[in-house]
Number of protein chains: 2
Amino acid sequence: MAIADRKAKEKEQLKTLILNSARKLFVQNGVEQTTIRSIAKNIDYSVGTVYLYFKDKNAILNELHSLGFAQLGEQFKVLANVEKPMERLMAMGRLYINFAMENPDMYELMFTLKAPMAVLNESKKEEWDEGKSAFGVLKTTVEQCINQHHFEGHKAEPLTFMIWGLVHGMCSLQISDRAKAVHFENEDQIVSAGYEEFLKILKKL
Amino acid sequence: MAIADRKAKEKEQLKTLILNSARKLFVQNGVEQTTIRSIAKNIDYSVGTVYLYFKDKNAILNELHSLGFAQLGEQFKVLANVEKPMERLMAMGRLYINFAMENPDMYELMFTLKAPMAVLNESKKEEWDEGKSAFGVLKTTVEQCINQHHFEGHKAEPLTFMIWGLVHGMCSLQISDRAKAVHFENEDQIVSAGYEEFLKILKKL
DNA sequence: CAAATATAATGAACATTGTTCATTATATGA
DNA sequence: TCATATAATGAACAATGTTCATTATATTTG
């Protein structure tokens, strides 16, 4: 059935086209401004067509959300070269912060907006694989640190969550304009500066 | 001009009525579901009337946002009884987390949603007083800790931001369903558990 | 090849939002 | 009592997500 194959490929292509358009507009203009109509217009298709390929707007956001994790995962690959777990942990935080600061809208979609998570809640079976796997990478590193006798007396999982929360929190405050509003001496460096303080602490543990 | 006074009082009362209604609906149903129409209907006034008292929906959110800070400030008052800065710092984090877990929608409004911040951006002169003052309280405590020779080699402001980020981050991940999606052993205790790990670290510094 | 069928695409139409503003009602002052 | 100022109304508008009957295109069949 060569024809069916080709059709499947075409469908896949159009889906990708929609997704790429959505991503472009989304990164340019944010979630709210990225309307189904604007996506459709951007690729010269009708509104209805978009709905043939995606159940609703949340479904699109959910796929972009996955793309974001792929992108972050790509950047995390260099960490494989860092042998010492403690150094790897520190480098991971830096990469995470860099990603957040350079892709604030994508970051928001990945870690703040509820919309992409709503999709998972509907189909209850499905779990948040990207999240679990990303968290797993961090947790493994923390466990390796513990094996090397760092973090004396700590429990791996809550500690890992705390570290995630620490970097996420600073990024989140920055992206949501809360850090700016507080008026730091060096506004756009405050996240890095905060992370440096954390590193000082890490080196004592 | 007793009449003018009474009129001013009436205006103030209606404004408060709108605000209370908005808060009730907001805490019950979240931001999106709290429509101007639902607020108006709830107090038996017309849509237009709401707009006589508030410029737009963001203005309402911004006032709720302020009420949230008043509420949190109220809970922080007990901290005045904690003499030792280090203990006060630890208690502050706990109060912050409790507030976030018990008032997730309010917390989101205060520290995540961009809408209430948009009001500040319009009238550029106005700064985020509540934010600055809340951060100031935390920063002062951290400085007092430093004066008592804790946090050797740390800079007060970035360190304070880091600590804020730490508690905010965990709360934020929990409220945005990211923590849940990762499936911890003890899901609803993960924020507290994470904070406990932080306290262990604090005690070493 | 032509007709019948299946697949894909369309865009008008609906419901729901925030928001505006001409109109109506009410209260105040002359 | 009437003129004026103030307050309240709700219909109407634009923008959005979403649906679905209709149209267009492609595929299969006789």
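Below, chain A is the first sequence line, B the second, and so on; all start at residue 1.
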Quiz item: Below 6.0 angstrom between ring centroids: does that apply to A/H154 and B/F198?
Solution: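 No, the ring of A/H154 stays outside the 6.0 Å limit from the ring of B/F198, centre to centre.
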Quiz item: Reckon A/Y51 has a side-chain N or O less than 4.0 Å from the OP1 or OP2 of C/dA9?
Solution: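 Result: no.
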Quiz item: Does the gap between the ring centers of B/F69 and B/F111 come in under 6.0 Å?
Solution: yes
Self-check item: B/L61 and B/T34: CA distance, side-chain angles, deciding distance, side chain to side chain contact (heavy atoms under 4.5 Å, CB included) verdict
Solution: CA-CA 10 Å; B/L61 292 179; B/T34 305; over 6 Å; no
Quiz prompt | Within-4.5 Å side-chain heavy-atom neighbours: B/L19 and B/E63 | solution = yes
Exercise. Please state how far atom CZ in A/F54 lies from atom P in C/dA9, giving the value in whole angstrom units.
Key: 13 Å
Self-check item: Between P of C/dG18 and CG of B/N58, the distance in whole Å
Solution: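 Atom-to-atom, B/N58 to C/dG18, this comes out as 11 Å.
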Quiz item: What's the CD1-C1' distance between A/I60 and D/dT18, to the nearest Å?
Solution: 12 Å
Practice problem: For DNA chain C, find the residues of residues 30-50 of chain A with a heavy-atom distance under 4.0 Å and give them by number; none if there aren't any. | Solution: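 When residues 30-50 of chain A is checked for heavy atoms under 4.0 Å from DNA chain C, the hits, listed by number, are A/R37, A/Y45, A/S46, A/G48, A/T49.
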Exercise. Could you tell me the separation between the CG atom of A/L52 and the C1' atom of D/dT19, rounded to a whole number of Å?
Key: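 Interatomic distance, CG of A/L52 to C1' of D/dT19: 11 Å.
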Quiz item: Do A/E108 and B/K114 sit within salt-bridge range, that is, some charged N less than 4.0 Å from a carboxylate O?
Solution: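 B/K114 and A/E108: salt-bridged.
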Quiz item: How are the rings of A/W164 and A/F135 set relative to one another: parallel (under 30°), tilted (30 to 60°) or perpendicular (over 60°)?
Solution: tilted
Below 3.5 Å between N/O atoms, which protein atoms pair up with nucleotides 21-25 of chain D? Just atom names and distances, please.
none

Quiz item: Does a side-chain N or O from B/Y53 land closer than 4.0 Å to OP1 or OP2 of D/dA8, or not?
Solution: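 B/Y53 to D/dA8 OP1/OP2: side-chain N or O found under 4.0 Å.
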Practice problem: Find the distance A/K55:NZ to D/dG17:C1' and express it as a whole number of Å. | Solution: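 These atoms are roughly 12 Å apart.
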Self-check item: Closest contact, heavy atoms only, B/I39 versus B/S21
Solution: O-OG, 3.6 Å
Practice problem: Using atom CD1 of A/I18 as one end and atom C1' of C/dA8 as the other, report the distance to the nearest whole Å. | Solution: 12 Å
Quiz item: Could you state the NZ-P distance from A/K15 to C/dA8, rounded to the nearest angstrom?
Solution: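 The distance from NZ of A/K15 to P of C/dA8 comes to 14 Å, rounded to the nearest Å.
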Self-check item: Pairwise side-chain contact, A/F161 with B/L173, heavy-atom cut-off 4.5 Å (strictly under)
Solution: yes
Quiz item: At what distance, to the nearest 0.5 angstrom, does CG of B/N62 lie from CG of B/L109?
Solution: 8.5 Å
Quiz prompt | Length of the CG-P vector between A/D56 and D/dT18, whole Å | solution =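 Distance, rounded to whole Å: 5 Å.
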